[in-house]
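Down below is the structure, laid out as structure tokens.
Heads up: numbering here begins at 1 and tracks the sequence.
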Amino acid sequence: MIQSIVILGGGSVGLLAALSLKRQLPVLTVRVVRSPEIGVIGVGEGTTPSFPRHIHDYLRLGRGPFFATAKLTLKLGVRFL
């Protein structure tokens, strides 16, 4: 059985993958490798309706602490011209 996983990239997808793996398989050793030279890109990401369910229901991250820690920018909609 696989005992350890390395995730390359400490962006939002890499961190979510690490959290999701640990939630599903708590005994698994998960290491995230990121480059300190890249830093935060800050391009912003869109989400789908399943994202909040995954974060708050599956990963059990409370909304208040998550919002305070993540310092989110809420978007009320997107308009394409």
Side-chain angles (χ1 to χ4, degrees):
M1 180 168 174
I2 296 172
Q3 297 176 350
S4 64
I5 297 276
V6 174
I7 296 174
L8 299 176
S12 45
V13 173
L15 295 175
L16 280 172
L19 289 169
S20 300
L21 283 167
K22 285 299 284 186
R23 174 63 67 198
Q24 184 69 28
L25 303 165
V27 298
L28 188 68
T29 300
V30 178
R31 177 174 291 189
V32 177
V33 178
R34 67 174 188 86
S35 170
E37 296 174 9
I38 294 175
V40 176
I41 296 172
V43 295
E45 288 131 1
T47 58
T48 62
S50 60
F51 181 76
R53 283 193 301 272
H54 186 75
I55 290 288
H56 303 303
D57 298 337
Y58 182 74
L59 296 178
R60 299 184 203 130
L61 299 175
R63 284 169 173 76
F66 177 76
F67 291 161
T69 303
K71 299 178 182 161
L72 303 175
T73 299
L74 298 176
K75 300 170 188 166
L76 300 177
V78 176
R79 181 176 175 194
F80 294 100
L81 301 175

Same cluster or not: [X] versus [Y], using hydrophobic residues (I, L, V, M, F, W, Y) connected whenever any side-chain heavy atoms lie under 4.5 Å apart?
| X | Y | value |
| --- | --- | --- |
| V13 | V32 | no |
| L28 | L19 | no |
| L21 | I2 | yes |
| L59 | F51 | yes |

task = Quick one: pull up CD1 in I5 and NZ in K22 and give me the separation to the nearest 0.5 Å.
result =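 Going from the CD1 atom of I5 to the NZ atom of K22 covers 11.0 Å.
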How long is the straight-line distance from OG of S50 back to CZ of R53, given to the nearest 0.5 Å?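 One gets 5.5 Å once the value is rounded to the nearest 0.5 Å.
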Check: [Y] and [X] side chains under 4.5 Å, non-hydrogen atoms:
| X | Y | result |
| --- | --- | --- |
| L15 | I7 | no |
| L25 | V30 | no |
| T69 | L61 | no |

(request) Return the minimal non-hydrogen interatomic distance between Y58 and Q24, and the atom names on each side. (result)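 Minimum heavy-atom contact is OH-OE1, 2.6 Å.
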Smallest heavy-atom separation, H54 atom then S20 atom, equals NE2-OG, 2.7 Å
